[in-house]
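To keep things clear, I will list the structure first and then write my remarks on it.
Naming: A, B, ... by sequence-line order, numbering from 1 per chain.
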Amino acid sequence: MLLRMSTLLLKTLREELADAEVPSHRLLVRAGFIRRAAPGGYTMLPLGKLVLDRITAVIQEEMLSAGGQEVSFPALLPREPYETSNRWTEYGDLLLTLKDRRGADHLLAPTHEEMFTLLVQDMTGSYRDYPILLFQFQTKFRDEARPRGGLLRGREFLMKDAYSFDLSEAGSIAAYGRMRAAYQRVFTRIGLEHTIVSATSGAMGGSASEEFLAAAEVGEDTFVGCTVCDHAANTEAVTTPVPAPVLATAPPLEVHDTPDTPTIAALVELANNRRLGGRDDWTAADTLKNVVVTVDHPGRDPELLAIGVPGDREVDMKRLEAALSPATATLFDDFAASPDLVKGYIGPQGIKIRYLADPRVAPGTSWLTGANEPGRHATNVVAGRDFTPDGTIEAAEVRAGDPCAACGEGTLTMRRGIEIGHIFQLGRRYTDAFKVDVLGSDGKPVRPTMGSYGIGVSRAVAAVAEQHHDDRGLVWPAAIAPVDVHIVAAGKDGQVEAALELGATLSRSGLRVLVDDRPNVSAGVKFTDAELIGIPKAVVVGRRLGEGLVEIRDRKTQERTEVPMVDVAGVIRADAG
RNA sequence: CGGGUUGUGGCGCAGCUUGGUCAGCGCGCUCGCUUUGGGAGCGAGAUGUCGCGGGUUCGAAUCCCGCCAACCCGACCA
């Protein structure tokens with residue numbers, strides 16, 4: 001393959017786009033890989049399409065060698081299957097729906113669990129047909145409230161989704177393991193430094209769930225690692241170690257007048273000033289903060305729910321929603337309408353609504369909390385004695401330095417990442433919904449269990465750009481660079497002709513080649529563009545052409561070496577992906 | 001969904017306060033000549049429904065109303 005810059009649909013921008021913030025977005029636009037075409041929708045220009053296709057090829061290769069079979073479903077689907085699985089409502093506003101000319105409801109699919117399940121139901125009937133692993137590349141649609149970051153979060157994006165169907169739990173776990181390994185190979189091959197973290201499965205439903213996060217400052221996911229063990233988790237999935245049971249030796253509950261203390265800070269200050277309970281060492285962590293939220297279950301009436309967390313912590317709404325999924329939660333503030341709930345002075349004792357507590361609010365722990373009367377708080381409020389939560393919930397914010405639940409020794413560190421892959425065991429959620437049964441070897445019906453495995457392909461382009469750039473531009477990993485070598489004709493005197501000739505030679509030897517043969521463009525411009533575009537190797541055909549020498553530049557290391565023209569293919573090939 | 005900021009040639013911006021040679025600048029683009037190893041020089045050009053709709057006015061990029069879009073922030077605590 002040989003591309004000539006003089007004819008390539010490419011326009012690099014000298015100046016920054018005004019509204020591009022994140023590095024990948026800025027650079028991909030400036031270097032001429034993508035262009036915005038719609039809110040949350042991007043056109044892949046020739047260079048961008050080449051990268052996308054190379055990533056696609058890597059994924060396809062690994063999926064096939066993991067035993068996958070490729071199919072392709074429509075993106076435009078009727079409502080019924082999603083009605084059956086309940087996702088028409090559960091997916092909420094994120095689902096991009098439309099009506100056809102007859103008024104019938106359709107959707108532009110956000111993922112394709114339903115269609116894969118129906119296909120397998122349609123085409124299998126016997127245990128002999130299993131196990132099955134299917135995958136596709138497909139444009140997915142989500143009606144994002146706020147697309148951002150260019151390719152990082154769009155309303156339309158390319159995704160590889162795969163689904164495994166097994167008749168045994170062991171088979172399903174094995175499929176999960178194979179896909180997990182395949183994903184590691186994919187991300188390693190395309191040059192993404194990634195961490196596998198425990199996750200929640202969200203609106204897709206399911207149990208065991210892990211995310212592949214590419215570390216990047218602009219990532220929307222926060223994940224934790226452990227200083228001692230190799231535990232890693234999305235903050236949404238972090239579990240809080242339950243403190244050792246405390247003997248219930250606390251003195252009886254006592255109510256105090258605590259005027260003007262609607263906030264934890266004011267309460268702690270007053271408690272110390274007045275030596276509440278004979279102490280002057282109260283801290284926010286001794287208090288129990290009770291937050292009321294309105295929970296919206298899809299297709300059901302909203303419910304009021306109180307959440308109890310130690311007073312030194314905020315409620316993390318993302319963690320809360322993950323814990324309540326598929327329901328969504330909003331902070332409740334209509335206290336005028338609920339006289340039972342005294343804003344700023346809520347306590348769990350005798351509360352009339354459902355009450356879920358942080359795991360730290362373990363039986364036997366004693367708290368300073370609201371007395372459910374204006375201007376009054378209670379001390380020695382003991383969990384399990386003075387109140388019993390309706391359950392525990394992981395909704396409190398996670399902080400660096402929190403103890404690790406996995407090993408019990410280390411503490412948590414926090415980083416940000418881009419979700420580039422998500423794998424989870426779906427179980428029978430969809431095979432149940434569609435009543436998929438096949439005949440087992442014993443003649444009895446068996447219901448397949450599923451796994452679901454997704455990779456954001458277009459997002460991966462941006463993730464790679466986030467991880468591989470410098471102040472001059474992009475620095476593509478060799479395995480997915482749009483081409484292997486960028487030949488720059490630096491000057492005059494037949495250098496363009498020589499560059500094209502060299503390009504043709506390299507191309508015949510199987511390399512992907514881009515030749516900057518633009519006439520009347522100065523060498524400086526060509527060098528700057530080459531660095532912006534970020535091809536791993538550049539070959540400069542320039543002033544020593546007469547001696548048969550050209551310069552090879554490594555984009556990443558900036559290293560320059562002069563080599564005889566005849567050796568170029570060998571040197572490039574040694575490093576090409 | 002809320003808040004903030006912004007919409008003026010392909011890109012980046014000025015002009016708006018105080019309505020009337022305000023349709024302007026830089027980059028890019030076209031043509032010619034020169035130049036050619038680090039975003040070249042000179043000369044000559046082309047490109048605008050000033051986001052959209054309505055209103056005020058003799059006259060609107062500029063003032064008023066409505067809408068749309070983009071970007072950023074927040075999805076905020078007892």
Atom-pair distance (CG on A:L13; P on B:C27), nearest Å: 15 Å
A:E397 CD to B:C76 P, straight-line distance once rounded to whole Å: 15 Å
Taking only N/O atoms, report every protein-nucleotides 43-47 of chain B pair under 3.5 Å with atom names and distance.
none

Separation of B:G39 P from A:K11 NZ (nearest whole Å): 19 Å
Phosphate OP1/OP2 of B:G39: any A:S522 side-chain N/O under 4.0 Å: no
Ion pair check, A:R416 and A:D221, cut-off under 4.0 Å: no
Intra- and interstrand pairs of RNA chain B - dot-bracket, Watson-Crick/G-U under 3.5 Å, | marks other strand: (((((((..((((......[...)))).((((((.....)))))).....(((((..]....))))))))))))....
Aromatic ring pairing A:Y42/A:H25, orientation class (parallel under 30°, perpendicular over 60°, tilted between): perpendicular
A:W282 side chain to A:L276 backbone, donor-acceptor under 3.5 Å: yes
A:Y345: ring pair (Phe, Tyr, Trp, His ring centres under 6.0 Å) partners, not counting sequence neighbours: A:H377
4.5 Å side-chain heavy-atom contact, A:R35 and A:V29: no
Touch class at under 4.0 angstrom, heavy-atom based, for A:R560 against every strand present: base
A:D316/A:K318 ion pair, N-O < 4.0 Å: no
N or O in side chain of A:R14 less than 4.0 angstrom from B:G28 OP1/OP2: yes
